Amino acid sequence: MLPAVVVHGGAGHIPKERAQNSTSGVSAAARAGYIVLKGGGSSMDAVVEAVTQLENNPSFNAGCGSVLNVKGEVEMDAFVMDWKTLATGAVSAVRDIANPTQLARLVMDKTSHACLTAEGAKQFARSMGVPEVPMESLITEYSRMRWRKNLAPDANPVECQMGKMGTVGAVAVDSEGVVACATSTGGMLNKMEGQVGDTPCIGQSSNIHGQIFPEGHSQAVMSILKLSEAASDSALAYMKSRVDGLGGVVTVDPQGNWAARFSSRQMAWAAAQKDTLHYGLYTGEHFTQSIDEILL
Amino acid sequence: MSLCNRNLKMSAVVVVHGGAWAIPDDLAKASVDGVKAAACEGHSVLKRGGSALDAVEAAVRALEDNTVFNAGHGGTLNTEGEVELDAIIMDGRTLGNGAVSSAKNIAHPVTLARAVMEKTSHCMLTSRGANQFAESIGMATVPTETMVTEYERKEWEKHKNYVTGVMEDFNAQWAHDTVGAVAVDCSGNVACATSTGGIRNKMVGRVGDSPIIGSGGYADNLSGAVSCTGHGESILKVTLARLIISHIEQGKSVADSSQLSLQYMGNRVHGAGGAIVVSPSGQWAATFTTERMAWAAVDHDVLWFGLDPNQRSKEQLSN
């Protein structure tokens with residue numbers, strides 16, 4: 001069952017004309033993460049590689065292709081976490097870098113802190129030799145069009161957000177049974193400057209499966225934890241009933257059980273395990289093919 | 001303001017903390033006096049029928065004004081000698097929450113956090129965006145010299161030269177004088193608030209646990225309200241506030257939930273800290289694994305307070 005990687009490209013309602021790009025994007029990212037794992041790389045290496053691919057892909061709301069804040073600028077959030085040590089790294093409202101997830105990993109590996117924000121995050125990037133990129137290189141026609149549309153006084157950015165590619169993320173378990181996760185986003189469409197969403201906040205967008213349950217819990221709870229699907233569905237149902245929110249999750253446990261679940265209309269997701277690529281977009285979809293086949 | 005039926009058995013309770021760390025003797029009295037005064041502030045709000053949200057904001061504002069604590073005035077300095085403040089406030093009734101991180105030179109970050117919750121459609125604003133928002137609602141910035149104490153500037157100079165690695169091993173010895181409050185009002189609504197200047201000599205833009213929902217604080221009418229203090233990076237790794245709430249959801253007492261969660265944090269990530277908790281029915285606890293934590297609570301017109309482990313002193317408040 002090991003290793004395995006699961007990737008998502010955002011939960012929402014994705015327009016038909018963008019569906020193909022989202023499916024091929026998450027599949028390519030899952031494949032890239034899987035190659036890292038098969039080559040003996042760690043789960044952290046795999047999730048960072050997978051999410052880096054999604055950040056570089058202009059079809060997703062992360063890195064290049066990020067949505068714009070109310071001023072028409074790109075501010076990005078990212079998060080990584082390692083189950084072995086519960087080490088975490090995050091950046092919020094960071095500007096002018098291509099791969100916030102890699103910067104989040106540097107926060108984890110090279111500082112004694114868990115999160116750096118805004119100008120502080122940028123200063124740190126500079127000190128690490130991370131190249132600065134012009135903001136223009138991260139902005140697509142599509143994101144600019146969406147931003148302009150949502151400047152109108154009667155616009156509903158939240159609703160519009162659900163119609164765009166959302167936050168991206170990946171979870172993985174490597175051959176040693178160590179799990180890791182990574183999440184990255186350009187945030188909310190037309191958000192206020194400096195708005196930070198759930199992505200860089202540990203426990204919100206990303207968590208190590210099972211972490212919320214303390215040690216010493218009963219066997220009954222443990223068996224529930226192993227049912228990734230049930231746990232995910234239960235959590236999504238709670239979010240819907242309590243605060244009327246829709247979303248999606250990808251999970252994996254140290255034994256390689258994984259799930260990709262969502263309460264929104266669609267979520268672009270892909271998983272790789274035992275040399276098989278799994279993927280889907282609409283509720284109930286679960287396609288498989290050999291990892292070596294080229295996705296048309 | 002909610003109307004309060006004095007015949008209700010439900011009691012309004014407020015608990016505050018002024019940070020969990022090895023508080024030195026020369027700060028001990030001022031810390032205890034400070035939390036007692038803040039608890040009384042919160043209590044006055046509840047007594048006249050105010051909401052739990054109003055009470056926690058009032059209590060934390062009192063602590064932010066008090067330069068003995070590391071929040072608002074008296075905040076610690078980052079590595080460049082600037083003040084960057086974090087705060088969160090959460091309403092257990094709606095799960096509404098507001099937070100600011102790395103806001104500069106704001107006298108009452110908890111009030112700015114509340115404005116994020118009530119005046120925007122967002123939950124958190126950071127850095128320049130947070131300051132821009134403050135300006136847009138007429139909240140003044142305060143010059144750094146006014147916010148920073150002589151004591152803090154001296155400590156900052158002293159610590160500037162320590163190797164970070166050495167400090168990491170003794171996170172229980174660091175100053176973690178984040179402040180916070182939790183309350184339940186006479187309608188059974190709970191709320192929490194946490195505010196801090198962060199760790200002394202932190203990197204520019206460092207965000208700790210305090211403004212992060214589920215870590216620095218959490219409030220839910222179905223289980224309770226929590227505010228945490230201690231080594232921020234450790235609190236984040238175990239999402240301490242949410243962990244305590246999870247135990248309460250499983251039926252444990254507020255005291256046991258806090259103990260178990262703090263122990264887990266100690267065992268799993270070698271982090272020390274403290275937490276204050278209140279349940280919708282008025283049960284409360286103040287628990288810590290550091291050497292000391294300045295805390296105070298008002299419950300049924302009795303003022304409780306403590307500093308050292310197992311210390312529970314009390315004073316009757318006049319009606």
Side-chain angles (χ1 to χ4, degrees), chain A residues 69-71 73 75 77 81-82 85-95 107-108 110-124 127 157-158 187-188 190-198 200-204 207-208 211-218 221 239 242-243 245, chain B residues 78-80 84 94-96 99-103 116 120-133 136 164-165 167-168 171 199 202-209 211-215 220 222 232-239 241-243 246-247 250 260-261 263-264 267-269:
Chain A
N69 72 11
V70 72
K71 291 185 166 172
E73 300 158 340
E75 288 181 297
D77 310 329
M81 185 166 190
D82 182 330
T85 55
L86 297 190
T88 72
V91 290
S92 62
V94 70
R95 293 168 179 244
V107 172
M108 178 176 77
K110 308 271 187 208
T111 80
S112 57
H113 297 324
C115 180
L116 295 178
T117 189
E119 193 49 43
K122 200 164 171 191
Q123 275 182 28
F124 174 63
S127 76
V158 176
M188 260 287 296
N190 289 53
K191 61 188 177 179
M192 290 170 71
E193 179 171 348
Q195 185 260 349
V196 178
D198 65 296
C201 301
I202 183 173
Q204 312 315 311
N207 205 333
I208 296 302
Q211 193 208 318
I212 57 166
F213 292 90
E215 288 183 323
H217 52 264
S218 72
V221 174
M239 187 167 83
R242 201 72 206 273
V243 295
Chain B
N78 69 14
T79 195
E80 302 209 335
E84 288 183 294
T94 58
L95 300 187
V100 291
S101 65
S102 224
V116 171
T120 79
S121 57
H122 299 321
C123 292
M124 184 191 238
L125 294 177
T126 187
S127 203
R128 194 172 63 191
N131 276 96
Q132 277 180 12
F133 172 61
S136 77
T164 314
M167 294 300 282
E168 273 172 47
N171 68 63
I199 296 184
K202 61 186 178 180
M203 288 173 73
V204 175
R206 176 262 187 188
V207 179
D209 67 293
I212 307 298
I213 187 174
S215 292
D220 184 349
L222 299 183
E233 281 73 11
S234 299
I235 292 171
L236 283 165
K237 286 177 182 182
V238 303
T239 55
R242 194 63 185 84
L243 183 57
S246 298
H247 277 296
Q250 290 164 47
L260 283 165
S261 304
Q263 265 162 33
Y264 175 73
N267 295 336
R268 191 77 202 270
V269 298

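Labels below follow one simple rule: chain letters A, B, ... track the order of the sequence lines, proteins then strands, and each chain is numbered from 1. Because only heavy atoms are used, hydrogens play no part in the values below, and waters and symmetry mates are left out as well, while side chains stay in. Keep in mind the model is a prediction, meaning the values are calculated, not measured.
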> Side chain, backbone, both or neither: which part of B/Leu125 has a non-hydrogen atom closer than 4.5 Å to chain A?
Replying inline: both
> Do you know which two heavy atoms are closest between B/Arg268 and A/Leu86, and how far apart they sit?
Replying inline: CG-CD1, 3.6 Å
> About how many Å separate OG of B/Ser127 and NZ of A/Lys122, when rounded to the nearest 0.5 Å?
Replying inline: 12.0 Å
> With only heavy atoms counted, which part of B/Gln263 is less than 4.5 Å from chain A, the side chain, the backbone, both or neither?
Replying inline: neither
> From B/Leu236 CG over to A/Met81 CE, what is the distance, rounded to the nearest 0.5 angstrom?
Replying inline: 9.0 Å
> What part of A/Lys71 gets closer than 4.5 Å to chain B, counting heavy atoms only: side chain, backbone, both or neither?
Replying inline: side chain
> Side chains of A/His113 and B/Lys202: closer than 4.5 Å at any heavy-atom pair?
Replying inline: yes
> Any chance the side chains of B/Thr126 and A/Thr117 put a donor and an acceptor closer than 3.5 Å?
Replying inline: yes
> A/Ser127: what forms a side chain to side chain contact (heavy atoms under 4.5 Å, CB included) with it, not counting sequence neighbours?
Replying inline: A/Phe124
> Should B/Asp220 and A/Arg242 count as side-chain neighbours, where that means a heavy-atom distance under 4.5 Å?
Replying inline: yes
> Going from SG on A/Cys115 to CG on B/Asp209, what distance comes out if it is rounded to the nearest 0.5 angstrom?
Replying inline: 11.5 Å
> Closest heavy-atom contact between B/Val204 and A/Leu116?
Replying inline: O-CD2, 3.8 Å
